[in-house]
Amino acid sequence: MKILVLGAGKMGSFFIDLLSFDHEVAVFEKDARRMRFTYNCQRFTDMEEIRAFKPELVINAVTLKYTIPVFEQVLPFLPQDCIVSDIASVKTDLKEYYEKTGRRYVSTHPMFGPTFANLNQLSEENAIIISEGDYMGRIFFKDLYQKLGLNIYEYTFEEHDKTVAYSLSIPFVSTFVFAAVMKHQDAPGTTFKRHMRIAKGVLSEDDYLLQEILFNPYTHDQVSQIRTELKELLEIIDHKDGDGMKRYLTKIRGNIYRNLAPPL
């Protein structure tokens, strides 16, 4: 299959490496310097090169802020039967955009990134495939993710954004709070150092990505739960309520060890 990857950033390069030995792959990137470490693929900086390549599948791997604008630029140069796809971590407005184009599309979200994941060992990582969209496109990504050993889930666009609001916004906001109250530690403990590594990783993400995750329509209710839990915990601390603390620890341990739903 002829596959065009839009963007030669971390995830774009990951997909190029992943696909280039089984497919004819090209990458489009306006900044030629970002393509210097890509290999076994064609490198495009001009839209007319895309027209000549005639891709059968496009994987949009640009920064979230530019996902739709880049589609707008590229669509006129694609064959009409080309499947367009994205790997965006927030799907707000994408369903409406795809339907407006009238093109075949597939939307997925690899629930990992180069910041924390070991891209050579992904068996404990997850991927979401949006159940709406082109059947053959979904099958392509399902086969691809299965070969990587990923745990695969199928959600609608709405279900995806609700899941992201929970799985990303709560850890992100918790990290923000940790960083906001942080003081210099001459002899930090193990737990502090682990939280510090997480904070550095989260805060190295693109500002717009962090913003879009927190501005997800479903984020507010999730973050409000943090405020509720902090209020309860503060009351236990203020009253030195040993029995209350025991009940609270039992509750949160139950949350940690509750069985997750099995993947597809």
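A donor-acceptor pair under 3.5 Å is formed between the side chain of Thr156 and the backbone N or O of Glu159. Of the possible polar contacts, one joining the Arg36 side chain to the Arg33 backbone as a donor-acceptor pair under 3.5 Å is found. A donor-acceptor pair under 3.5 Å is absent between the side-chain atoms of Glu205 and the main chain of Gly201, judged by distance alone. Of the possible donor and acceptor atoms, one in the side chain of Asn216 sits under 3.5 Å from a partner among the backbone N and O of Asp161. For Arg43 (side chain) and Val27 (main-chain N/O), no donor-acceptor pair under 3.5 Å exists by modelled atom type. Checked by atom type and distance alone, the side chain of Asp86 never pairs as donor or acceptor with a backbone atom of Ser107 at under 3.5 Å. At least one donor-acceptor pair closer than 3.5 Å links the side chain of Ser85 to the backbone N or O of Val58.
Contact of the Ile3 side chain with the Glu56 side chain is not registered, since no non-hydrogen atoms from C-beta on lie closer than 4.5 Å. For the pair Phe140/Val106, no side-chain contact is recorded, criterion being any heavy-atom separation below 4.5 Å from C-beta on. Residues Leu230 and Thr228 form no side-chain contact, since every pair of their non-hydrogen atoms from C-beta on lies 4.5 Å or further apart. A 4.5 Å side-chain heavy-atom check between Arg103 and Gln80 finds at least one atom pair inside the cut-off. Side chains of Val74 and Ile50 form a contact here, defined as non-hydrogen atoms less than 4.5 Å apart.
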Run the salt bridge (Lys or Arg N to Asp or Glu O under 4.0 Å) test on Glu232 and Lys251 for me, step by step, so that the C-alpha distance in whole Å, both residues' side-chain angles and the decisive distance to 0.1 Å come before the verdict. CA-CA 12 Å; Glu232 179 180 351; Lys251 179 184 77 170; 3.5 Å; yes
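Of the N and O atoms on the side chains of Tyr145 and Thr108, at least one donor lies less than 3.5 Å from an acceptor on the other residue. Counted by atom type alone, Tyr105 and Glu132 present zero donor-acceptor pairs between their side chains at under 3.5 Å. One side chain, Gln73 or Lys30, offers a donor N or O that lies under 3.5 Å from an acceptor on the other.
No continuous path of hydrophobic side-chain contacts links Leu168 to Phe178 [ILVMFWY only; heavy atoms under 4.5 Å]. Transitive grouping of hydrophobic side chains (ILVMFWY, heavy atoms separated by less than 4.5 Å) keeps Val202 and Met196 in distinct clusters. Residues Met182 and Ile198 fall into different hydrophobic clusters, defined by Ile, Leu, Val, Met, Phe, Trp and Tyr side chains chained together at heavy-atom separations under 4.5 Å.
What you find for Ala88 and Lys91 is that their closest heavy atoms are O-NZ, 2.9 Å. The two residues Arg34 and Gly9 make their nearest non-hydrogen contact at NH2-CA, 3.2 Å.
For Tyr166 and Tyr218, the distance between ring centers is not under 6.0 angstrom.
Remark: Phe157 pairs with no residue by the ring pair (Phe, Tyr, Trp, His ring centres under 6.0 Å) rule, at least two apart or across chains.
With rounding to the nearest 0.5 angstrom, the CG atom of Asp143 is 11.5 Å from the CG atom of Leu148.
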